[in-house]
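Only one structure is covered here, and it is reproduced in the block below.
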Protein chains: 2
Amino acid sequence: MMASKGLTKEIIIAEAVACMERTGQPAISLHELARRLGIKTPSLYNHIRNTRELRHEVFRYAIDKFVAHQRAATAHKERDEAVRAFAQAYHTFATQNKGLYRLIMSIPSEEDAQAKELAIPLLDTVVEILSGYGLTEEAIAHWQRVFRAILHGFISQEDLGYFYYYDSIELNKSREIAVQCFLDGLHAGLRESSSM
Amino acid sequence: MMASKGLTKEIIIAEAVACMERTGQPAISLHELARRLGIKTPSLYNHIRNTRELRHEVFRYAIDKFVAHQRAATAHKERDEAVRAFAQAYHTFATQNKGLYRLIMSIPSEEDAQAKELAIPLLDTVVEILSGYGLTEEAIAHWQRVFRAILHGFISQEDLGYFYYYDSIELNKSREIAVQCFLDGLHAGLRESSSM
DNA sequence: ATATAAAACTAATAGTGTTAGTTTATCAAC
DNA sequence: GTTGATAAACTAACACTATTAGTTTTATAT
């Protein structure tokens, strides 16, 4: 019983995802992966091209999961309420799926045009919410960047430990303030543009 | 002429820094480093304990450089003017010292308490600026987090390629809007707390 | 001059990813 | 049911990482 243990690409990807979710790391070695699947390392190459492709597949999975999570959290919500719900969902996903989130935030980087393609739905979720504010196309592009910058910046620094400077001060409150800051800034921006 | 080519820890660190600045990567292999210094890989261990220590030393250098850059940019400035200058300096450093910035943003992460210690001056620069707004200690802690979240989040996503969604829309303008958003949010927060 | 210590070396190990070439099991056609 | 093709496992090897042990060389201080 050497050949065929019923292993498929999907099973490999699922196992890789499970490992990342468990360890919180955005990667797994082929050795470890093969060990968990009960095969020898090179056998993985019968199913995947290389680590890049594997990472890519897990990336696709992570994006899908993240997007679904965001859509579920903001469905039937609009404007400020949607923004707050989105921020909450974003943070929840990032902390509860650390490995996947880190992967999402470590892939594109210049080269990988294919990954950027896959990530578009992720950007669309924010754009849809901001569409409810009656902004111009250009304004949406700007504010979508600002919003995502705040959300990711917050998670990232929290994760890095750069927020434990005043470690007695509650992180959740900081996050609320950040979201409120975005809304205040957005509203201020709206007032300004409508008065011109 | 085997022993002693006048190599020191400082020279090694300087070369590592130079490599990172050149490649934009937050790391360099010992092989490459040794090659550039004209020695064999294991000889590096006469001067450094391991890659962790080397990274640590480069990290220290990066923090110092970043802090100096920030202080120079915001000296004799206050409040909004200082905030804007800081944001500008932050972005300039991150883009012109990509390798060092990436290193700064990849080290601490839970474990490394020593690195967190080294990074404190980095946080102080923001705290000092926010001190000019007459906020409470707690409010400073919150807003310092928000500001740094925006700044890093912006750089990070820009670097990752997550901002090229609407690639015709100017990044610089988005950044201005982000900083203005922070100031509007901060001012809104100030009004609210003073009216209580 | 010689002993010591610093700083280079060679050789080897273990952990990454990856390729080439080989064997085995399964499944379809004759 | 044997045959033959294919899929999927294997072993063996290589290149690249960091690292350690043990050796040699050179500079320097007594």
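Order of the sequence lines sets the chain letters (A, B, ...), proteins ahead of strands, with each chain counted from 1. Since the model is a prediction, treat every value here as computed from it, not as a measurement.
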**Report entry** B:Lys173/B:Glu176 salt bridge by N-O under 4.0 Å criterion
**Finding:** no

Query - SB check A:Lys65 A:Glu21 (cutoff 4.0 Å) - result: yes

Protein-nucleotide distance ([X], atom [atom1]; [N], atom [atom2]), rounded to Å:
| X | N | atom1 | atom2 | value |
| --- | --- | --- | --- | --- |
| A:Ile39 | D:dA9 | CD1 | P | 6 Å |
| A:Tyr45 | C:dT19 | OH | P | 6 Å |
| B:Ile12 | C:dA8 | CD1 | C1' | 12 Å |
| A:Arg35 | C:dG17 | CZ | P | 14 Å |

Measure from the side-chain heavy atoms of [X] and tell me the nearest of [options].
| X | options | value |
| --- | --- | --- |
| B:Leu30 | C:dT16, C:dT18, D:dA18 | D:dA18 |
| B:His47 | C:dA8, C:dG17, D:dT19 | C:dA8 |
| A:Asn46 | D:dA8, C:dT16, D:dT20 | D:dA8 |

**Report entry** Check: A:His152 ring centre within less than 6.0 Å of A:Tyr101 ring centre
**Finding:** yes

Query - Output field: ring centroids A:Phe163/A:Phe154 closer than 6.0 Å - result: yes

Report task. Scan A:Ser29 against the nucleic acid and name what it touches under 4.0 Å (heavy atoms): base, sugar-phosphate only, or nothing. Result -> sugar-phosphate

